[in-house]
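The block underneath contains the structure these notes are about, expressed in structure tokens.
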Amino acid sequence: MSKYTTTIQPADRNPEFEVVVEYAHHKGDPGRYYGPPEKCYPAEPAYVEIISVKHNGVDIEQYLSDDIMTAIEQEAEADATAQAEYEQDQYFDAWRESQRMGA
């Protein structure tokens with residue numbers, strides 16, 4: 001489970017305020033389309049599951065509009081993608097360094 005902080009504006013007349021979004025990132029699966037039929041399965045796309053949206057420790061998700069929740073979900077997806085890219089870069093940097101040290 002991951003968390004990030006963002007700001008939302010619940011209505012045009014209201015000021016923005018900070019919320020903490022907790023979410024689970026499901027990486028998905030590319031599927032398998034070769035081999036015996038019983039071993040094949042369709043691809044599953046990656047997705048983000050919003051666990052909670054809190055302001056001052058209070059879960060306010062039920063009070064937010066669908067548009068705001070969609071925007072929060074898109075931000076969570078961007079956050080998860082950035083984190084995955086960072087982790088991949090760190091992995092390959094460490095691998096390259098180990099290759100350089102071993103050579």
Side-chain angles (χ1 to χ4, degrees):
M1 217 166 338
S2 300
K3 291 183 182 182
Y4 78 98
T5 303
T6 189
T7 58
I8 61 170
Q9 185 175 14
D12 291 338
R13 296 176 302 235
N14 295 11
E16 288 186 350
F17 59 88
E18 193 172 87
V19 295
V20 175
V21 179
E22 188 173 11
Y23 66 91
H25 179 242
H26 303 275
K27 295 181 180 183
D29 191 311
R32 180 176 170 172
Y33 297 100
Y34 54 88
E38 64 274 5
K39 298 285 186 175
C40 296
Y41 53 91
E44 294 179 10
Y47 67 96
V48 168
E49 176 185 3
I50 303 296
I51 306 299
S52 66
V53 180
K54 293 183 178 181
H55 176 66
N56 290 335
V58 177
D59 193 347
I60 62 169
E61 182 179 350
Q62 65 183 343
Y63 304 110
L64 301 177
S65 70
D66 289 343
D67 290 341
I68 289 175
M69 287 304 298
T70 298
I72 288 172
E73 189 172 297
Q74 289 170 347
E75 284 185 41
E77 287 175 8
D79 186 66
T81 300
Q83 182 63 30
E85 288 173 356
Y86 172 78
E87 289 171 2
Q88 185 177 23
D89 287 345
Q90 293 299 305
Y91 172 81
F92 284 116
D93 287 348
W95 180 82
R96 281 190 290 274
E97 183 65 21
S98 71
Q99 294 299 307
R100 187 180 69 77
M101 298 300 283

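Just the heavy atoms: all of them, side chains too, but no hydrogens, waters or symmetry mates, feed the values below. Note that this is a predicted model, so its numbers are computed, not measured.
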Exceeds 12 heavy-atom contacts within 6.0 angstrom, atom CG of D89: yes

Value rounded to 0.5 Å, distance of [atom1] in [X] from [atom2] in [Y]:
X: E97; Y: W95; atom1: CD; atom2: CH2; answer: 12.0 Å
X: I72; Y: D67; atom1: CD1; atom2: CG; answer: 11.0 Å
X: Q88; Y: Q90; atom1: CD; atom2: CD; answer: 11.0 Å
X: M69; Y: Y63; atom1: CE; atom2: OH; answer: 14.0 Å
X: Y23; Y: E75; atom1: OH; atom2: CD; answer: 10.5 Å
X: T6; Y: D79; atom1: OG1; atom2: CG; answer: 9.5 Å

ILVMFWY network linking V20 to V53, side-chain heavy atoms under 4.5 angstrom: no

Heavy-atom donor-acceptor pair, H55 side chain to E18 backbone, under 3.5 Å: yes

For V48 against E77, the heavy-atom pair lying closest together: CG2-CG, 3.3 Å

Heavy-atom pair of closest approach, residues I51 and D59: O-OD2, 4.5 Å

Flag side-chain contact, heavy atom, 4.5 Å: I50 against E61: yes

